[in-house]
Amino acid sequence: MPEGPEIRRAADSLETAIKGKPLTDVWFAFPELTPFISTLIGQHVTHVETRGKALLTHFSGGLTLYSHNQLYGVWRVVNTGEMPETTRVLRAKLQTADKTILLYSASDIEMLTPETLKQHPFLLRVGPDVLDLTLTPEAVKARLLSAKFRNRQFSGLLLDQAFLAGLGNYLRVEILWQVGLTGNHKASQLNDEQLDALAHTLLDIPRFSYNTRGKVDDNKHHGALFRFKVFHRDGEACERCGGIIEKTMLSSRPFYWCPGCQH
């Protein structure tokens, strides 16, 4: 399942393709969206925002296309005039003179005004996105210590999009390994030094993954790339303490950890 870094990179590719270019054609599969087509033609996409697994495609006239990929939705970028061969069902098309973006298989799609954007149930429920560069470790620490989250075990909390949007299973296990904590810990049990380390790591690892994962390290002088320390590495030696990485299930998801240095 894609997590915040992968979704943000997908949003980047959509922006690169059509941001700032006048829309020459627009199409939606759902009848409730078709009245917006004539309004959008001639406008342009100003930016694509991510909130967890939701994408907000903002248009120059003030409207916003909300789409949530859920399990099967996927965006594709193509040259205008081309249509990929696929068994997926097309849901939306935004076309410019040279590039077109296509949304397949998603069913959770809405057009929002500035007013309805502020009141959208999912957006009201979801927490700040870990890839929002205005989000600070201090704000994350405050959320960790809030009455709503301070007594939640990290095994579930770090998968709860109401806490921080964009976290998922691989990020959960890598973050907890980095700070030497287990899925059973709670923020209320940590000292100030541990809380500071966790708050920074909750932002640092997703942002490091976003910036480097999937790139080839041809030049070592460019710095390290993101790689898994424990995720899918059960049975291997922990690079920090030499202990054997184990796999279990926490919050109905596979959980990888090192009993030697996470306690």
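In this model, a donor atom of one side chain and an acceptor atom of the other lie less than 3.5 Å apart for Thr80 and Thr100.
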Pairs of donor and acceptor atoms involving the side chains of residues 26-45, under 3.5 Å and at least two apart or interchain, shall be tabulated with distances.
unit_1: Thr34; atom_1: OG1; unit_2: Pro31; atom_2: O; d: 2.7
unit_1: Gln43; atom_1: OE1; unit_2: Gly61; atom_2: N; d: 2.8
unit_1: Gln43; atom_1: NE2; unit_2: Thr39; atom_2: O; d: 3.0

Between side-chain atoms of residues 255-263 and protein atoms elsewhere (two or more places apart, or another chain), which donor-acceptor pairs fall under 3.5 Å?
unit_1: Tyr256; atom_1: OH; unit_2: His232; atom_2: NE2; d: 3.4
unit_1: Gln262; atom_1: OE1; unit_2: Cys258; atom_2: N; d: 2.8
unit_1: Gln262; atom_1: NE2; unit_2: Leu176; atom_2: O; d: 3.4
unit_1: Gln262; atom_1: NE2; unit_2: Leu181; atom_2: O; d: 2.7

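Under the 4.5 Å side-chain heavy-atom criterion for ILVMFWY residues, no single connected hydrophobic cluster contains both Met83 and Leu14. Connection of Leu164 to Leu250 is established within a shared hydrophobic cluster, with ILVMFWY side chains joined at heavy-atom distances below 4.5 Å, either directly or through further cluster members. Both Phe228 and Tyr210 belong to a common hydrophobic cluster when Ile, Leu, Val, Met, Phe, Trp and Tyr are linked at side-chain heavy-atom distances under 4.5 angstrom. In the hydrophobic clustering of ILVMFWY residues, with side-chain heavy atoms under 4.5 Å counting as a link, Phe163 and Val126 come out apart. Clustering ILVMFWY residues whenever any of their side-chain heavy atoms sit less than 4.5 angstrom apart, transitively, puts Ile205 in the very cluster that holds Phe231.
Relative ring orientation between Phe226 and Phe208 is described as perpendicular, the plane-to-plane angle rising above 60° on a 0-90° scale split at 30° and 60°.
Judged by distance alone, with hydrogens and angles left aside, the side-chain atoms of Gln178 form no donor-acceptor pair with the main-chain N or O of Thr201 at under 3.5 Å. Between the side chain of Ser251 and the main chain of Arg253, no donor-acceptor pair closer than 3.5 Å is present. The closest donor-acceptor contact from the side chain of Gln119 to the backbone of Thr116 lies at 3.5 Å or more, if one exists at all. Using a distance-only test at 3.5 Å, with no hydrogens or angles considered, no donor-acceptor pair links the side chain of His200 to the main chain of Ala197.
Residues Glu246 and Asp234 fail the side-chain proximity criterion, which asks for heavy atoms closer than 4.5 Å. Val78 places none of its side-chain heavy atoms less than 4.5 Å from the side chain of Lys99. Side chains of Leu158 and Leu171 form no contact here, defined as non-hydrogen atoms less than 4.5 Å apart.
Ion pair Glu138/Lys141 not flagged as a salt bridge, since none of the NZ, NE, NH1 or NH2 atoms sits closer than 4.0 Å to an Asp/Glu carboxylate oxygen.
Nearest heavy-atom pair, Leu144 versus Ala187, reported as atom, atom and distance to 0.1 Å: O-CB, 3.3 Å. Nearest approach of Leu159 to Arg172, heavy atoms of both residues: CD1-NH1, 3.6 Å. Between Leu167 and Glu3 the shortest heavy-atom distance is C-OE1, 4.2 Å. The nearest pair of heavy atoms linking Phe59 to Thr46 is C-CG2, 4.0 Å. Shortest non-hydrogen contact noted between Ala17 and Val77 is CB-CG1, 3.6 Å. Closest heavy-atom contact between Gln95 and Lys93: OE1-NZ, 3.7 Å.
The CG atom of Leu63 sits 7.5 Å away from atom OG1 of Thr113, with the distance rounded to the nearest 0.5 Å. Arg91 contributes atom CZ, which lies 8.5 Å from atom CG of Leu103 (distance to the nearest 0.5 angstrom). One distance of note links CG of Leu112 with NZ of Lys118; it measures 12.5 Å at 0.5 Å rounding. Summarising the geometry, atom NZ belonging to Lys229 is positioned 3.5 Å from atom CD belonging to Glu239; distances are rounded to the nearest 0.5 Å. Separating the NZ atom in Lys53 from the CZ atom in Arg51 is a distance of 15.5 Å, to the nearest 0.5 Å. Rounding to the nearest 0.5 Å places CZ of Arg76 at 12.0 Å from CG of Leu90.
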- Walk me through it: do Asp98 and Lys21 pass the test salt bridge (charged side-chain N to carboxylate O under 4.0 Å, His left out)? CA-CA 9 Å; Asp98 62 336; Lys21 303 173 184 177; 3.2 Å; yes

- Assess whether side-chain contact (heavy atoms from CB on, under 4.5 Å) is satisfied between Leu135 and Asp129, documenting all intermediate values. CA-CA 8 Å; Leu135 180 62; Asp129 197 287; over 6 Å; no

- Query: Checking side-chain contact (heavy atoms from CB on, under 4.5 Å) for the pair Val230/Glu174: CA distance, chi angles, key distance, verdict?
  - Reply: CA-CA 6 Å; Val230 285; Glu174 294 297 318; 3.5 Å; yes

- Query: Between Ile175 and Phe154, is a side-chain contact (heavy atoms from CB on, under 4.5 Å) present by the stated rule, with each step listed?
  - Reply: CA-CA 10 Å; Ile175 287 166; Phe154 295 145; over 6 Å; no

- Task: List the steps, then state whether side-chain contact (heavy atoms from CB on, under 4.5 Å) holds for Glu6 with Ser209.
- Result: CA-CA 9 Å; Glu6 292 73 41; Ser209 176; 4.2 Å; yes

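Tested against Arg207 for a side-chain contact (heavy atoms from CB on, under 4.5 Å), the candidates Leu133, Thr212, Leu202 yield a single pass: Leu133. The side-chain contact (heavy atoms from CB on, under 4.5 Å) with Trp75 is formed by just one residue from the set Leu102, Val48, Ile7, Leu55; it is Leu55.
Sorted by first and then second residue, the pairs that involve residues 94-128 and meet ring-ring contact (aromatic ring centres under 6.0 Å, His included), not counting sequence neighbours, are Tyr66-His120, His68-Phe122.
A 6.0 Å sphere centred on CD of Glu193 holds no more than 12 heavy atoms belonging to other residues, nucleotides or ligands.
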